There are 4 protein chains.
Amino acid sequence: MPPSGRALIRGVDAETEPGTRRRGRPRDPELEQRVLTAAVQEYAERGWAGLTMDGVARRAGVGKSTLYLRWPDKDALLAAAVKDMGAASQAIDTGGLRSDLEVLARSLHTFYADPTGWAMTRIMIDAAGSGEQLGGFAEVVNGIYRPAALAVFERAVARGEARPDIPAQLVVNVVYGTEIVYAMMRPWDEKEGVVPDPEEAVRRLVDFCMAGMGPWLTGQ
Amino acid sequence: MPPSGRALIRGVDAETEPGTRRRGRPRDPELEQRVLTAAVQEYAERGWAGLTMDGVARRAGVGKSTLYLRWPDKDALLAAAVKDMGAASQAIDTGGLRSDLEVLARSLHTFYADPTGWAMTRIMIDAAGSGEQLGGFAEVVNGIYRPAALAVFERAVARGEARPDIPAQLVVNVVYGTEIVYAMMRPWDEKEGVVPDPEEAVRRLVDFCMAGMGPWLTGQ
Amino acid sequence: MPPSGRALIRGVDAETEPGTRRRGRPRDPELEQRVLTAAVQEYAERGWAGLTMDGVARRAGVGKSTLYLRWPDKDALLAAAVKDMGAASQAIDTGGLRSDLEVLARSLHTFYADPTGWAMTRIMIDAAGSGEQLGGFAEVVNGIYRPAALAVFERAVARGEARPDIPAQLVVNVVYGTEIVYAMMRPWDEKEGVVPDPEEAVRRLVDFCMAGMGPWLTGQ
Amino acid sequence: MPPSGRALIRGVDAETEPGTRRRGRPRDPELEQRVLTAAVQEYAERGWAGLTMDGVARRAGVGKSTLYLRWPDKDALLAAAVKDMGAASQAIDTGGLRSDLEVLARSLHTFYADPTGWAMTRIMIDAAGSGEQLGGFAEVVNGIYRPAALAVFERAVARGEARPDIPAQLVVNVVYGTEIVYAMMRPWDEKEGVVPDPEEAVRRLVDFCMAGMGPWLTGQ
DNA sequence: TTCTAAACGAGACGGTACGTCCCGTCTTGTG
DNA sequence: CACAAGACGGGACGTACCGTCTCGTTTAGAA
């Protein structure tokens with residue numbers, strides 16, 4: 001949110017302008033990372049309900065005022081922590097559409113199985129409901145994860161595996177959505193084949209998607 | 001939680017035994033509905049973050065002790081409210097698998113578009129993360145919604161439209177999951193075809209699923 | 001402040017109407033005293049600067065919310081604590097004006113020497129400066145201490161020791177004021193006769209007052 | 001605090017040695033006065049509770065570090081501000097003890113009526129209670145104001161109006177103390193003759209003191 | 001009818017976290 | 001070196017809410 005309404009709170013995204021050196025003591029660049037790490041650790045030990053601003057501050061060796069200097073409230077810190085956590089997103093390129101999708105589905109499966117990974121989705125859900133941008137968190141998902149997934153299809157098209165009008169967005173949504181449902185169901189229902197073993201689940205989902213994309217796949 | 005550990009709290013499910021008439025003043029039968037309605041209204045006005053036990057009690061004209069007499073904590077009340085809200089779940093039976101799936105997808109799309117409906121998913125997500133049963137809320141989803149959706153496939157098999165080993169669970173997950181992703185994305189991304197207009201979105205999702213189920217569909 | 005403007009906050013003076021039994025759980029009558037005592041103890045151990053609402057709450061075994069339910073803020077609690085502390089004010093009646101004044105001056109001297117007693121004056125000074133009523137604290141001083149001192153002169157008049165137009169208010173002010181100055185000076189100046197030993201100080205002050213009142217004293 | 005323990009803070013009294021020209025940028029001579037004025041203004045607008053170091057710094061157009069370079073803490077700045085404010089203390093010499101006392105009492109009365117003047121007493125009270133020296137503030141009072149008042153009696157003795165053993169300290173205390181009580185009572189009690197009109201109050205107080213000093217006054 | 005158990009409204013209570021404010025220290029760049 | 005700016009660790013404040021408790025009142029079946 002570059003042209004933010006009120007100038008008093010500069011927020012964590014400030015100081016991005018290259019030349020303009022600010023006056024006063026500069027913000028400690030390490031500090032932000034230290035806090036984010038502390039937040040994730042705190043979460044790991046106490047769960048989301050037990051995640052306290054005081055707790056994060058204490059663990060990071062930071063004053064509470066500093067937290068609120070950078071993030072307007074707990075939600076924003078939360079979002080930043082998760083955002084930071086998922087920053088490492090590598091491209092998928094195994095050489096084939098089917099195996100690429102398997103990698104994607106499998107990594108999502110693992111990601112959501114980890115409570116920290118799952119929290120990311122939880123936050124997106126909250127954000128979607130409240131109408132808040134939640135610190136631009138969604139931009140990360142839509143700006144990093146989704147493009148990475150879409151690139152899989154672009155490469156498939158380039159290789160001649162699929163026609164250019166393949167509904168990539170839909171398939172991405174299907175894969176993400178189904179994995180979310182798997183993660184949602186896990187705590188309750190481990191029987192009945194709703195949540196089969198991971199490898200089986202991934203295989204069947206990809207089978208289904210390949211069949212669904214049939215009309216757009218070339219014979220080769 | 002039928003065989004609840006502690007006997008002090010009888011909970012909202014108590015008094016189901018037919019003959020045993022309890023001594024003392026009987027519970028007000030209207031009250032429960034009044035509270036649940038108040039909770040939903042309170043949510044509609046203030047959002048989930050602003051949903052307060054005191055607020056619900058005040059709006060329902062009820063003492064806080066009464067709330068805790070019936071629901072063990074806020075989560076349970078929340079779950080009950082949403083559960084009550086979604087109680088009206090009718091069977092889907094249009095006579096054809098494709099049109100049944102369209103009805104299912106379309107009703108989910110509408111349901112998630114409504115903030116109250118979306119809240120239901122939000123609660124499930126929260127519950128899945130915290131490891132809590134959230135007052136048996138998940139049972140409703142897995143016990144009512146999912147069976148209603150699975151029945152669609154049973155009828156298709158009965159009609160001879162699909163083979164008995166059709167992966168019904170997977171398709172249900174795909175439809176639910178994709179609609180969840182649509183709902184998640186809505187606030188941010190109305191362009192690029194990620195969230196197309198509802199009717200188009202439903203049609204394309206069902207097309208995809210029908211193609212994905214191809215191997216299990218009979219020629220007829 | 002009986003007909004207080006806003007009815008939402010009832011304050012500590014509420015519930016004085018005899019017949020009207022309030023609804024809801026009644027306030028714990030011991031609690032108030034427990035808190036006040038805790039406040040004084042906390043002060044004794046940590047000094048006024050170290051007097052914390054959390055500290056008082058913890059020592060009294062009370063929630064912070066309860067403190068703020070009864071006293072609007074720290075100043076009010078402070079005032080109440082000191083007020084409560086000085087509630088025990090006994091009449092002075094030795095049978096003679098001179099000896100009565102000596103008792104008054106001596107008790108003030110001792111009172112101000114004690115840090116808790118001195119705090120009372122400190123609060124009055126603060127209150128006078130801020131223009132606040134500080135919880136009606138001043139009423140105690142002007143309603144209890146001053147009348148008790150004035151009674152000394154009334155009795156002297158009744159005994160025929162002094163004429164009825166004796167400037168009692170002035171003399172009371174002189175005694176109080178001079179003792180305040182003694183207390184103020186004590187920490188710095190123990191030499192030069194500014195603050196002589198207590199007994200001497202009292203005697204000389206009373207001597208001075210008796211001489212000052214000369215015109216209003218009867219020969220006997 | 002000339003031989004201050006820690007050498008890091010040179011304090012406001014530094015640089016008094018005549019010849020020793022320091023290295024580096026010299027201290028801005030106006031700055032100190034600007035800060036002190038800002039402190040008094042800030043007090044006048046917001047009251048003592050609202051007196052903030054940041055606020056003073058901002059109003060004086062000064063960095064906070066500069067404040068702490070010259071005064072060790074808030075109390076010291078406070079003391080310096082009040083001290084500076086009352087620096088203008090002129091000798092009293094009307095030619096007669098009685099009229100001198102009237103001038104003294106009247107100027108005290110006016111001084112305490114002004115909130116800034118009253119603040120000075122408030123600070124002394126605080127200082128006396130906390131056991132702190134409050135930046136040597138008391139020295140000012142005992143070193144400037146008191147001698148000025150005592151000089152009145154010295155001159156009276158020199159003129160032959162009073163005997164040398166007149167209890168000057170006591171009378172000074174009486175005058176100061178009584179005026180303090182007047183100032184304390186003002187906000188609450190404007191009736192009953194506790195706080196009569198200024199001129200009357202002064203006259204009666206001096207009358208009383210003159211009578212009290214009777215034994216030490218010469219016939220002349 | 002009288003007694004007794006439970007539901008109910010009201011609101012006090014202990015506790016915990018929030019987000020704000022301020023103090024006194026520090027670390028920059030500029031004069 | 002002084003100085004303005006402002007980040008920083010620390011800690012108290014006053015608010016809000018949770019879930020529990022203790023009252024007095026109401027409602028019914030049991031005695």
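Source: prediction; values computed, not measured. Atoms considered below: every heavy atom in the structure, side chains included; atoms not considered: hydrogens, waters and symmetry mates. Note on naming: letters A, B, ... go to the chains in the order of the sequence lines (proteins, then strands), and numbering restarts at 1 for each one.
Distance from the side chain of B:T52 is smallest to F:dC18 among F:dC18, F:dA5, F:dG19. Distance from the side chain of D:R70 is smallest to F:dC3 among F:dC3, F:dC13, E:dA17. Of all nucleotides listed (F:dC13, E:dA7, E:dC23), E:dC23 comes nearest to the side chain of D:Y68. Considering only the side chain of C:K74, F:dG14 comes nearest among E:dC23, F:dG14, F:dA7. When each of F:dC3, F:dA5, F:dA28 is scored by its nearest atom to the side-chain atoms of A:R25, the top-ranked nucleotide is F:dA5.
As a whole-Å value, the separation of D:D54 CG from F:dC8 P is 16 Å. When the C1' atom of F:dA12 is taken as reference, atom CG of C:L67 falls 14 Å away, rounded to whole Å. For the pair D:W71 CH2 and E:dT25 P, the interatomic distance rounds to 15 Å; values are reported in whole Å. As rounded to whole Å, 12 Å separates atom C1' of E:dG24 from atom CG of D:D75. Between A:D28 atom CG and F:dC8 atom P the separation is 6 Å, expressed in whole Å. Look at CZ on C:R27: it is 16 Å from C1' on F:dC21, rounded to the nearest Å. If you take CG of A:L69 and P of E:dG19, they are 15 Å apart, rounded to a whole angstrom. Rounded to whole angstrom, the span from the CD atom of C:E30 across to the P atom of E:dC13 amounts to 11 Å.
Shortest non-hydrogen contact noted between B:A38 and B:V56 is CB-O, 4.0 Å. The two residues A:R27 and A:L69 come nearest to each other via the heavy atoms NH2-O, 3.6 Å. Contact between A:A81 and A:A39 at its shortest, heavy atoms only, is CB-CB, 4.0 Å.
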Checklist entry - What do the steps show when you test C:V35 against C:W71 for side-chain contact (heavy atoms from CB on, under 4.5 Å), and what is the final call? => result CA-CA 11 Å; C:V35 169; C:W71 298 277; 3.8 Å; yes
Next on the checklist: Run the side-chain contact (heavy atoms from CB on, under 4.5 Å) test on A:M53 and A:R58 for me, step by step, so that the C-alpha distance in whole Å, both residues' side-chain angles and the decisive distance to 0.1 Å come before the verdict.
Outcome noted: CA-CA 9 Å; A:M53 290 303 262; A:R58 206 176 317 114; over 6 Å; no
Next on the checklist: Using the rule given for side-chain contact (heavy atoms from CB on, under 4.5 Å), can you reason through D:Q41 versus D:R46, listing the C-alpha separation, both sets of side-chain angles and the distance that settles it, and then say yes or no?
Outcome noted: CA-CA 9 Å; D:Q41 287 174 344; D:R46 304 191 198 284; over 6 Å; no
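An OP1 or OP2 oxygen of E:dG9 is reached within less than 4.0 angstrom by no side-chain nitrogen or oxygen of C:R23. Contact annotation: D:S65 does not reach the phosphate of F:dC3 (side-chain N/O to OP1 or OP2, under 4.0 Å). Between C:T66 and E:dG14, a side-chain N or O to OP1/OP2 separation shorter than 4.0 Å is present.
Between B:E42 and the options B:T52, B:T37, B:L51, a side-chain contact (heavy atoms from CB on, under 4.5 Å) holds for only B:L51.
Along DNA chain F, the nucleotide nearest to A:P29 and the one nearest to B:M53 differ in position, and the one closer to the 5' end is contacted by A:P29. Between C:L31 and B:R34, the residue whose closest nucleotide on DNA chain E is further toward the 5' end is B:R34.
Nucleic acid contact class of B:L51 (heavy atoms, under 4.0 Å, all strands): sugar-phosphate only.
With hydrogens and angles left out, the side chain of D:K64 and the base of E:dG24 share a donor-acceptor pair within 3.5 Å.
For A:R34, the side-chain contact (heavy atoms from CB on, under 4.5 Å) test picks out A:D28, A:L31, A:V62, with sequence neighbours left out.
Of the residues in residues 55-63 of chain D, none lies under 4.0 Å from DNA chain E by heavy-atom distance.
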